[in-house]
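Before any comments, here is the structure.
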There are 2 protein chains.
Amino acid sequence: MKEQELKDYLKEKGLRLTHQRENIIKHFCDKNKHYTVEELYEEMKKEMPGIGFATVYRTLQLLVAAGFALERRFKDDVTRFEPLHKNDHHDHMICIECGRIIEFENKKLERLKDGVAKKHNFCILLHKLEFYGYCEKCRNKKIKGKK
Amino acid sequence: MKEQELKDYLKEKGLRLTHQRENIIKHFCDKNKHYTVEELYEEMKKEMPGIGFATVYRTLQLLVAAGFALERRFKDDVTRFEPLHKNDHHDHMICIECGRIIEFENKKLERLKDGVAKKHNFCILLHKLEFYGYCEKCRNKKIKGKK
DNA sequence: ATACGTGCAAAGTGTTTGCGACAGT
DNA sequence: ACTGTCGCAAACACTTTGCACGTAT
Ligand SMILES: [Mn+2]
Ligand SMILES: [Mn+2]
Ligand SMILES: [Mn+2]
Ligand SMILES: [Mn+2]
């Protein structure tokens with residue numbers, strides 16, 4: 001379980017398991033969301049009214065350093081964090097109407113991407129692939145609206 | 001020629017061709033670079049010592065609105081602008097060592113991307129594809145360094 | 001007891017804007 | 001002359017950090 005792994009990581013690094021960290025981890029790690037610091041901070045305040053923004057901020061950095069979260073930034077230029085569930089890599093489609101984020105993975109696309117990098121003798125370490133447009137729901141709404 | 005097209009655009013919109021705009025356009029539009037506002041501002045100061053940062057900033061916005069430049073943002077989170085040469089679409093590989101940007105286009109990748117979007121009933125309007133890693137030069141340097 | 005962590009507020013950074021003076025038409 | 005534009009400086013919108021106090025170990 002994620003929480004135990006985290007505890008081990010903290011111990012190994014000589015870091016402490018505070019109530020704040022424990023609660024943040026419990027709240028964050030099993031979600032499937034792309035949180036801004038602000039968003040997570042707002043949710044945490046409900047459970048721990050005194051918690052500080054900086055604590056949430058620093059705990060997210062910690063989770064990234066520990067390999068339990070990923071930092072992302074989409075077109076709105078706000079830093080977001082998502083819990084890393086497996087060692088899965090995925091890319092994103094973002095609806096510019098409702099903000100919905102659809103995750104996808106496509107092996108063929110990944111292979112093709114690696115091929116393109118190789119063709120340019122580029123040693124690819126990471127990549128970013130994002131689609132922006134309308135999700136199914138919003139596109140349907142648009143079509144209806146026009147009638 | 002680009003400059004004439006711009007003049008026509010300005011006239012059509014009731015906007016003015018100032019010395020600042022003229023010089024910025026001359027300097028920027030034929031380059032093949034991805035400028036931050038600051039970078040272009042520094043270069044423009046050499047030709048027009050009194051020019052203001054805000055003028056460069058607003059002129060770049062104007063060029064984007066007019067369809068003569070594209071706004072981009074890579075991993076360093078600074079807004080960049082590149083002159084739009086044809087109606088070409090391209091994606092980028094960015095060297096995390098030297099900052100070199102390699103542009104590429106791959107029809108197969110684009111088609112595959114559209115297919116993936118379609119599979120998810122996502123109406124794709126724009127996309128971002130960036131590779132980060134080492135360019136050929138920097139990768140070779142790294143290999144030599146290790147010997 | 002000893003650091004590490006917290007909450008607050010301040011500082012940092014790049015982006016954007018209000019405004020009075022200036023200049024293209 | 002009439003506006004649009006300029007340069008400056010201030011405002012913004014986050015993100016990051018310093019510090020005195022609190023707390024896990
Ligand atoms: Mn991918
Ligand atoms: Mn995701
Ligand atoms: Mn593309
Ligand atoms: Mn480019």
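Each chain gets a letter, A, B and so on, in the order its sequence line appears, and its residues count up from 1.
- The residue A:Arg58 sits close to a base: some heavy atom pair falls under 4.0 Å.
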Residue pair B:Lys75, A:Arg73: steps toward the side chain to side chain contact (heavy atoms under 4.5 Å, CB included) verdict: CA-CA 9 Å; B:Lys75 236 187 184 332; A:Arg73 194 166 306 199; over 6 Å; no
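- Contact annotation: A:His19 side-chain N/O to C:dT6 OP1/OP2 distance is not under 4.0 Å.
- Between the CZ atom of B:Phe53 and the P atom of D:dT5 there is a distance of 19 Å, given to the nearest Å.
- Atom CG of B:Asp77 is separated from atom P of C:dT15 by 9 Å (rounded to the nearest Å).
- Taking atom CG of A:Leu62 as the reference point, atom C1' of C:dC4 lies 12 Å away to the nearest angstrom.
- Between A:Leu40 atom CG and D:dT15 atom P the separation is 13 Å, expressed in whole Å.
- The side chain of A:Thr55 contributes an N or O atom lying less than 4.0 Å from OP1 or OP2 of C:dG7.
- Considering A:Thr55, A:Asn23, A:Thr59 in turn, A:Asn23 is the only one that fulfils the side chain to side chain contact (heavy atoms under 4.5 Å, CB included) rule with A:Met44.
- Toward the 5′ end of DNA chain C lies the nearest nucleotide of A:Thr18, the other residue of the pair A:Thr18 and B:Glu71 mapping further downstream.
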Side chain to side chain contact (heavy atoms under 4.5 Å, CB included) assessment of A:Ile102 paired with A:Arg100: CA-CA 7 Å; A:Ile102 300 150; A:Arg100 190 152 81 99; 4.1 Å; yes
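- Using a 4.0 Å heavy-atom cutoff across all strands shown, B:Glu22 reaches no nucleic acid atom at all.
- The A:Ala54 side chain lies nearest to D:dT17 when the options are C:dT25, D:dT5, D:dT17.
- Annotation: cation-pi geometry not satisfied between A:Lys113 and B:Phe131 (NZ/CZ under 6.0 angstrom from ring centroid, within 45° of ring axis).
- Rounded to whole Å, atom C1' of D:dC6 lies 15 Å from atom CG of B:Leu10.
- Judged purely by distance below 3.5 Å, without hydrogens or angles, the side chains of B:Asp8 and B:Gln4 pair a donor atom with an acceptor atom.
- Across all strands, A:Val78 comes closer than 4.0 Å only to sugar-phosphate atoms, never to a base (heavy-atom distances).
- Projected onto DNA chain D by closest heavy-atom contact, B:Gly52 and A:Val37 fall at different nucleotides, the more 5' of which corresponds to B:Gly52.
- Between the CD atom of A:Glu42 and the P atom of D:dC14 there is a distance of 13 Å, rounded to whole Å.
- In this structure, A:Gln61 reaches the sugar-phosphate backbone alone: every heavy-atom distance under 4.0 Å involves primed, P, OP1 or OP2 atoms, never a base.
- Listed pair A:Tyr57 / D:dT15 fails the phosphate criterion, with no side-chain N or O lying under 4.0 Å from OP1 or OP2.
- Applying the 4.0 Å criterion to OP1 and OP2 of D:dA24, one finds that A:Gln20 has every side-chain N and O outside that range.
- Straight-line distance from the OH atom of A:Tyr9 to the P atom of C:dC4: 14 Å, rounded to whole Å.
- As a whole-Å value, the separation of A:Arg21 CZ from D:dT23 C1' is 12 Å.
- At the heavy-atom level, A:Thr79 lies under 4.0 Å from the strands shown only through sugar-phosphate atoms.
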